> 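Pasting a structure here, questions to come.
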Amino acid sequence: STDTIEGLKRQPEIIRAAKLLREGGLVAFPTETVYGLGADATSQAAVAQIFEAKGRPSDNPLIVHLGSPEQLAKWVEGVPSVAKICMKHFCPGPLTLVLPHNGQIADNVTAGLDTVAVRFPSHPVAMALLQVADIPVAAPSANRSGKPSPTQAQHVWHDLSGRFHVLLDGGNAGVGIESTVLDITGDVPMLLRPGGITLEQLRDVLGDVEVDPNLHSEKSKPRSPGMKYRHYAPSGEMFLVHGEPLKVVGRVNRMIKEDVRQGKKVGVLTTEERKHYFKQANHVIACGSRSDPESVARGLYDALRTFDQEKIDVIYAETFPECGIYTSVMNRMRKAAEGRMIRV
Ligand code: TXA
Ligand code: MG
């Protein structure tokens with residue numbers, strides 16, 4: 001609420017972090033999707049530290065975070081009506097808009113493209129920080145490049161300790177997967193990355209929305225440069241196991257038995273409804289409840305990180321129906337599994 005944000009804006013931690021941002025520092029902060037690693041988006045030097053800290057390829061542009069919708073006009077060529085409609089319905093919230101920029105954002109934020117990705121996070125700590133700093137803040141997810149995005153402050157600490165100036169702890173990220181990236185430079189809006197706002201929600205408000213055809217193919221070049229990199233991958237080899245529930249359970253248990261016999265440590269990524277079926281695995285994680293898709297999104301990245309901590313060699317994961325937020329969950333799970341899918 002407005003009261004909460006006004007209260008946060010007076011907190012010394014927030015004031016100090018905002019000052020650090022203005023002075024060119026690196027601030028890790030919570031958003032409603034995942035934690036971000038922020039720097040002044042108008043400063044090439046400040047932004048360069050982000051790529052350095054994350055080990056991120058420089059051809060992968062960053063999202064600019066703003067504290068209020070009125071600020072958008074300062075950084076883009078113009079604010080089209082589709083942007084206004086999106087902002088009215090979804091901002092602040094987990095939606096990122098891609099628009100032509102006006103040249104005022106540092107070149108390394110946009111990777112030299114003529115467009116910029118902008119979003120208005122709804123997490124009260126992020127909103128307070130952005131409003132106090134009063135500058136556009138470039139922020140990718142605050143993980144080492146290739147690792148699952150951080151949904152808790154301790155994940156940021158694990159990946160990046162010593163590589164930023166401050167970390168604001170805002171508890172668990174509520175959505176748990178990144179924002180939806182929507183390109184609104186063309187005649188028809190195009191979904192570049194599925195995320196916290198679903199395609200169904202976008203179509204309800206905007207009518208026609210296309211989906212980047214490259215999202216589903218491994219070979220061609222996606223229009224959202226970040227989608228081409230190995231991502232979200234746990235250290236163990238992950239397999240999605242797709243099919244009728246009882247067949248999935250039978251097949252996974254046979255594979256577990258064989259893997260354990262070979263001395264491998266086996267993990268199962270499942271849900272509350274099914275976790276009791278996999279007694280022989282070394283580590284079973286219910287990352288949420290199947291009947292509550294939001295809970296699965298919220299628990300996914302922490303589960304992937306836990307398998308790493310437990311030094312799991314092979315992970316079997318159940319799949320989800322491709323609609324609503326499960327579309328975004330499945331996008332991340334396919335990446336984590338690097339496309340490995342067993343159909344039963
Ligand atoms: O939820 C989120 O969006 C989080 C939080 C921290 O806000 N941020 C995040 O940033 O996920 P990052 O850097 O991990 O992902 C940014 C995505 C990448 O896929 C990148 O390629 C795409 O946005 N992107 C950035 N600028 C773009 C542009 N001008 N055109 C197309 N895609 C762009
Ligand atoms: Mg990321």
Side-chain angles (χ1 to χ4, degrees), residues 26-39 41 47 50-51 53-67 75-77 90-101 105-123 125-127 129-130 136-151 155-156 159-160 168 170 173-186 189-197 212 214-215 221-233 297 301 328 331-332 335-336:
L26 275 189
V27 174
F29 63 98
T31 83
E32 74 282 16
T33 56
V34 300
Y35 277 71
L37 182 65
V47 170
I50 294 179
F51 289 92
K54 282 191 55 119
R56 179 177 174 115
S58 62
D59 66 344
N60 189 7
L62 307 177
I63 295 172
V64 172
H65 296 63
L66 298 176
W75 312 105
V76 298
E77 268 297 291
F90 304 114
C91 300
L95 179 66
T96 293
L97 301 173
V98 173
L99 285 158
H101 64 73
I105 294 288
D107 280 345
N108 52 354
V109 171
T110 60
L113 298 171
D114 37 23
T115 54
V116 63
V118 182
R119 90 174 194 91
F120 308 88
S122 63
H123 193 294
V125 170
M127 291 179 83
L129 176 69
L130 292 165
V137 173
S141 48
N143 50 288
R144 284 289 285 177
S145 208
K147 287 287 146 198
S149 294
T151 53
H155 298 160
V156 180
D159 278 18
L160 299 176
L168 296 173
V175 177
I177 51 178
E178 301 84 346
S179 63
T180 299
V181 179
L182 187 69
D183 182 335
I184 52 171
T185 58
M190 186 180 288
L191 182 85
L192 302 186
R193 176 176 77 177
I197 297 292
D212 180 1
N214 299 318
L215 257 183
K221 191 168 181 274
R223 297 192 7 168
S224 182
M227 299 303 280
K228 71 172 182 268
Y229 294 106
R230 185 169 186 264
H231 248 141
Y232 320 112
Y301 289 154
S328 312
N331 171 273
R332 306 307 192 270
K335 282 173 186 295

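In each ligand, atom 1 is the first atom listed, and ligand 1 is the first ligand listed. In this text the structure is predicted, and so the values were computed from the model without any measurement.
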> In ligand 1, which numbered atoms sit nearer than 4.0 Å to a non-hydrogen atom of Gly36?
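Counting atoms of ligand 1 from 1, those under 4.0 Å from Gly36 are 6 (C).
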> Is there a side-chain contact between Pro100 and Thr185 (heavy atoms, below 4.5 Å)?
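The answer is yes, as the side chains (C-beta and beyond) meet within the 4.5 Å cut-off.
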> Hey, is Asn60 touching ligand 1 through its side chain, its backbone, both or neither, going by heavy atoms under 4.0 Å?
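The side chain, only.
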> Check each atom of ligand 1 against the heavy atoms of Ser179 and keep those under 4.0 Å away; list them by number with element.
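Listed by number with element, the hits are 1 (O), 2 (C), 3 (O).
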> Evaluate Glu178 for polar contact with ligand 1, using N/O atom pairs at a separation under 3.5 Å.
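N/O-N/O distance below 3.5 Å does not exist for this pair.
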> Give yes if a backbone or side-chain nitrogen or oxygen of Arg119 is under 3.5 Å from a nitrogen or oxygen of ligand 1, and no if not.
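Between Arg119 and ligand 1 (N or O atoms, distance only) the closest approach is under 3.5 Å.
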> What distance do Thr110 atom OG1 and Ile63 atom CD1 have between them, rounded to the nearest 0.5 Å?
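The distance works out to 13.5 Å.
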> Should Pro121 and Pro92 count as side-chain neighbours, where that means a heavy-atom distance under 4.5 Å?
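Of all side-chain heavy-atom pairs linking Pro92 with Pro121, none is under 4.5 Å.
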> Do Arg144 and Leu160 come within less than 4.5 Å of each other through their side chains, counting heavy atoms only?
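Yes, side chains in contact.
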> With heavy-atom distances below 4.0 Å as the criterion, list the atoms of ligand 1 near Arg56.
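Counting from 1, the qualifying ligand atoms are 12 (P), 13 (O), 14 (O).
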> Does any N or O atom in Thr31 lie less than 3.5 angstrom from one in ligand 1, N or O only?
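Min N/O separation from ligand 1 is not below 3.5 Å for Thr31.
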> How does Leu192 reach ligand 1, if at all, at less than 4.0 Å between non-hydrogen atoms: by side chain, backbone, both, or neither?
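Only the side chain of Leu192 comes within reach of ligand 1.
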> From atom 5 (C) of ligand 1, work out which of Ile63, Thr180, Leu97, Thr33 has a heavy atom at the shortest distance.
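Of the listed residues, Thr33 has the closest heavy atom.
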> Hey, is ligand 1 close enough to Thr96 that some N/O pair sits below 3.5 Å?
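No, since none of the N or O atoms of Thr96 sits under 3.5 Å from an N or O of ligand 1.
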> Against heavy atoms of Ser141, which atoms of ligand 1 measure under 4.0 Å?
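Ligand 1 atoms under the 4.0 Å threshold to Ser141: 8 (N), 9 (C), 10 (O), 12 (P), 14 (O).
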> Can you list everything that forms a ring-ring contact (aromatic ring centres under 6.0 Å, His included) with Tyr301? Sequence neighbours excluded, please.
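By the ring-ring contact (aromatic ring centres under 6.0 Å, His included) rule, Tyr301 matches Tyr232.
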> At a non-hydrogen distance cut-off of under 4.0 Å, which region of Met190 contacts ligand 1 (side chain, backbone, both, or neither)?
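Contact part for Met190 vs ligand 1: neither.
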> Is any side-chain heavy atom of Thr180 closer than 4.5 Å to a side-chain heavy atom of Leu191?
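A side-chain contact exists here, since the closest heavy-atom pair is under 4.5 Å.
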> Measuring from the Mg ion (ligand 2), count protein N/O/S atoms under 2.8 Å, please.
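If we list every protein N, O or S atom nearer than 2.8 Å to the Mg ion (ligand 2), we get 1.
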> Determine whether Val116 and Val76 make a side-chain contact, defined as any pair of heavy atoms from C-beta on separated by less than 4.5 Å.
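Yes, at least one pair of side-chain atoms sits under 4.5 Å.
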> Determine whether the side chains of Ser149 and Glu178 contain a donor N or O and an acceptor N or O closer than 3.5 Å.
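On atom types as modelled, these side chains qualify, holding a pair under 3.5 Å.
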> Do Leu37 and Lys54 make a side-chain contact, defined as non-hydrogen atoms from C-beta onward lying under 4.5 Å apart?
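When only atoms from C-beta onward are counted, Lys54 and Leu37 do touch, with a gap below 4.5 Å.
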> Say you draw a straight line from CG of Leu95 to CD1 of Ile197; how long is it, rounded to the nearest 0.5 Å?
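Interatomic distance, Leu95 CG to Ile197 CD1, rounded to 0.5 Å: 6.0 Å.
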> Measuring from atom 8 (N) of ligand 1, which candidate in Gly195, Ala126, Ala139 has the nearest non-hydrogen atom?
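The residue whose heavy atom sits nearest atom 8 (N) of ligand 1 is Ala139.
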> Could you grab the distance from atom CG of Leu97 to atom OG1 of Thr115, nearest 0.5 Å is fine?
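If I round to the nearest 0.5 Å, the distance is 12.0 Å.
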> Could you tell me, atom by atom, which parts of ligand 1 come under 4.0 Å of a heavy atom of Thr115?
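Ligand 1 atoms under the 4.0 Å threshold to Thr115: 28 (C), 29 (N), 30 (N).
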> What do we get for Val98 next to ligand 1 when only non-hydrogen atoms under 4.0 Å count, side chain, backbone, both or neither?
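The answer is the side chain.
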> His65 near ligand 1, heavy-atom distance under 4.0 Å?
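In this structure, His65 qualifies as a contact of ligand 1 - some heavy atom is under 4.0 Å.
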> Output the list of atoms in ligand 1 that are nearer than 4.0 Å to some heavy atom of Pro140, sorted by atom number.
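Near Pro140, meaning under 4.0 Å from one of its heavy atoms, ligand 1 has 6 (C), 10 (O), 12 (P), 13 (O).
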> Is it true that the side chains of Arg193 and Ser179 contain a donor and an acceptor less than 3.5 Å apart?
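Checked: Arg193/Ser179 side chains pair up, N/O donor to acceptor below 3.5 Å.
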> Give a yes or no on whether a salt bridge exists between Arg119 and Glu32, defined as a side-chain N under 4.0 angstrom from a carboxylate O.
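Result for this pair is yes, salt bridge flagged.
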> Say you draw a straight line from NE2 of His101 to CG of Asp107; how long is it, rounded to the nearest 0.5 Å?
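Rounded to the nearest 0.5 Å, the NE2-CG separation comes out at 7.0 Å.
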